[in-house]
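For reference, the structure discussed in these notes is given below.
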Number of protein chains: 2
Amino acid sequence: MNDTTHALAIRELIDRLSRLNAAEDWNGPLNPSQFAALAYLARANRFSRSPSHVADYLATTRGTASQTLKALARKKLINETRSEADKRSIRYDVTGDGRALLDEPASDLSDVIDELPSETVECLAGSLKTLVLAILRKRSGRSFGICRSCRHFAPQAGGGYCSLLEVPLNKSDSEEICHEHEAA
Amino acid sequence: MNDTTHALAIRELIDRLSRLNAAEDWNGPLNPSQFAALAYLARANRFSRSPSHVADYLATTRGTASQTLKALARKKLINETRSEADKRSIRYDVTGDGRALLDEPASDLSDVIDELPSETVECLAGSLKTLVLAILRKRSGRSFGICRSCRHFAPQAGGGYCSLLEVPLNKSDSEEICHEHEAA
DNA sequence: TGCAATAGTTTCGACTCGCTACTATTAAAT
DNA sequence: ATTTAATAGTAGCGAGTCGAAACTATTGCA
């Protein structure tokens, strides 16, 4: 089996795994897209929680992301806040109910990963991450890394400073996902 | 980072990869489900090409699978054949047009996999396959292996014999996916 | 013979998804 | 300073997924 055949097989396996995972309702009352959006919002800093950012992260359009977020808001899992600075933009914050839903929901997939030898798990996590980053680079998309590891981040007492957005950052800002992230 | 955290991360990476892959339209005029169903039908033997089997493979319901297959039939990519033996059941065969669509469509994901060191690719393919099989076993689902590797398969001149379905098999039957497959 | 299981379909409601068209706001160019 | 272009978000459309439930038509049992 050569590499190209492997590539096809891997593509199919990834599709199948995500189907098997989606078929199980570990995600409570949410469909896969809604859960993914909610999980993203919970890990993104306050500069990265708009419909556009979610659309970028989920590799979909602003229209679709907008609807998904409206659905989450209807279910009281996120709150809508209009920005003061830029009156066009909106920020969504995860509510208490929303966070409760995200508390490590177990799934067959998680269980099965836990049973793999830790060496295999390392390899798997590493190579999947490599694949995601490589695809994003290929499409010149955002990498969605952690703020603190960005080249625009400058450490300061009690947090840091972003030289791109030109704003001071508190500790939690700097530990969350940022849409503007660029590797150092 | 412990194993449970890894499990969550891997689950998210798989979801994200399949989204990134789905967002690209390497699959022509088909959506991801339709493409997956078509690809399955092209690799399944004549005993494994019904709506129920597709539903099992895609981890969805018969209703949904039925609709997906009707959509493919409308597009002339598969043909419907009613069974003589069991008048309830239907078999779908991939048409020439259908096969043409499946010819190794390139994608960012394939390209990126090809760039990984072959050692990593082996590990990735292996562990993903392990995960799929483990989940299926956990849910007592079908493994969808190749006919020839099944414990009900007996090699014979020009093909083989299935001791479960009690039918003679030609060469191509035995090289395709079978719904009844059980590891030897 | 009669009843339960099976194969497939249909319909419903909620939703995804890409798309286009549209409003409001902000930024850039003249 | 004013026009123009870009950006953020939304609404509506059509095709389709998805689970669930209700519904035929067969087939298999007891």
Side-chain angles (χ1 to χ4, degrees), chain A residues 15 18-38 40 47-75 77-78 80-92 165 179-180, chain B residues 15 18-38 40-41 47-75 77-78 80-92 179-180:
Chain A
D15 180 67
S18 77
R19 272 174 207 286
L20 286 167
N21 192 228
E24 200 187 352
D25 60 345
W26 49 269
N27 35 10
L30 304 181
N31 65 39
S33 291
Q34 291 172 352
F35 187 88
L38 187 62
Y40 168 76
F47 313 111
S48 313
R49 293 195 215 126
S50 72
S52 298
H53 297 146
V54 172
D56 254 24
Y57 187 78
L58 296 186
T60 182
T61 59
R62 281 174 300 148
T64 300
S66 181
Q67 291 192 70
T68 299
L69 293 172
K70 294 283 177 199
L72 287 173
R74 271 199 304 279
K75 295 175 186 173
L77 302 173
I78 57 178
E80 193 174 303
T81 311
R82 303 206 81 93
S83 163
E84 294 297 317
D86 185 337
K87 283 173 189 164
R88 292 170 300 179
S89 71
I90 288 184
R91 194 188 73 226
Y92 284 100
L165 304 176
H179 180 252
E180 307 294 343
Chain B
D15 179 67
S18 77
R19 271 175 208 285
L20 286 168
N21 191 228
E24 200 186 353
D25 61 345
W26 49 269
N27 36 10
L30 305 181
N31 65 38
S33 291
Q34 291 172 350
F35 188 89
L38 187 62
Y40 168 77
L41 288 178
F47 312 111
S48 313
R49 294 194 215 127
S50 72
S52 298
H53 297 145
V54 172
D56 254 25
Y57 186 78
L58 296 186
T60 182
T61 58
R62 281 173 301 151
T64 300
S66 181
Q67 291 193 71
T68 299
L69 293 172
K70 294 283 178 199
L72 288 174
R74 271 199 303 278
K75 295 175 186 173
L77 303 173
I78 58 178
E80 193 174 304
T81 311
R82 303 205 82 92
S83 164
E84 293 297 317
D86 185 339
K87 282 175 190 162
R88 291 171 302 181
S89 72
I90 288 185
R91 195 188 72 225
Y92 283 100
H179 180 251
E180 307 294 343

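Per chain, numbering begins at 1; letters A, B, ... match sequence-line order. This is a predicted model, so every value here is computed, not measured.
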Is the shortest side-chain N/O distance from [X] to OP1 or OP2 of [N] below 4.0 Å?
X: A/Thr68; N: C/dT16; result: yes
X: A/Ser52; N: D/dT7; result: no
X: B/Gln34; N: D/dT17; result: yes
X: B/Lys70; N: C/dT9; result: yes
X: A/Asn31; N: C/dA14; result: no
X: A/Ser66; N: D/dA11; result: no
X: A/Lys87; N: D/dT7; result: no
X: B/Ser33; N: D/dG16; result: no

Whole-Å distance between [N] [atom2] and [X] [atom1]?
X: A/Gln67; N: C/dC17; atom1: CD; atom2: C1'; result: 9 Å
X: A/Asp56; N: C/dC17; atom1: CG; atom2: P; result: 14 Å
X: B/Leu69; N: C/dG8; atom1: CG; atom2: C1'; result: 11 Å
X: A/Lys75; N: C/dC15; atom1: NZ; atom2: C1'; result: 8 Å
X: A/Phe35; N: C/dC15; atom1: CZ; atom2: C1'; result: 17 Å

For B/Arg88 against B/Arg82, the heavy-atom pair lying closest together: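 Smallest interatomic distance, heavy atoms only, reads O-NH2, 4.1 Å.
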
First of B/His53 and A/Glu84 reached from the 5' end of DNA chain C, by closest nucleotide: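 Nearer the 5' end of the strand: B/His53.
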
Residue met sooner reading DNA chain C from 5', once B/Ser89 and A/Thr61 are mapped to nucleotides: B/Ser89

For [X], which contact category applies under a 4.0 Å heavy-atom criterion: base, sugar-phosphate, or nothing?
X: A/Arg74; result: sugar-phosphate
X: A/Thr64; result: base
X: A/Arg19; result: sugar-phosphate
X: B/Ala55; result: nothing
X: A/Ala36; result: nothing

Base D/dG9 to side chain A/Arg88, donor-acceptor N/O within 3.5 Å cut-off: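 No pair found.
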
Listed nucleotide nearest any side-chain atom of A/Asp86, set C/dC17, C/dT26, D/dC18: C/dT26

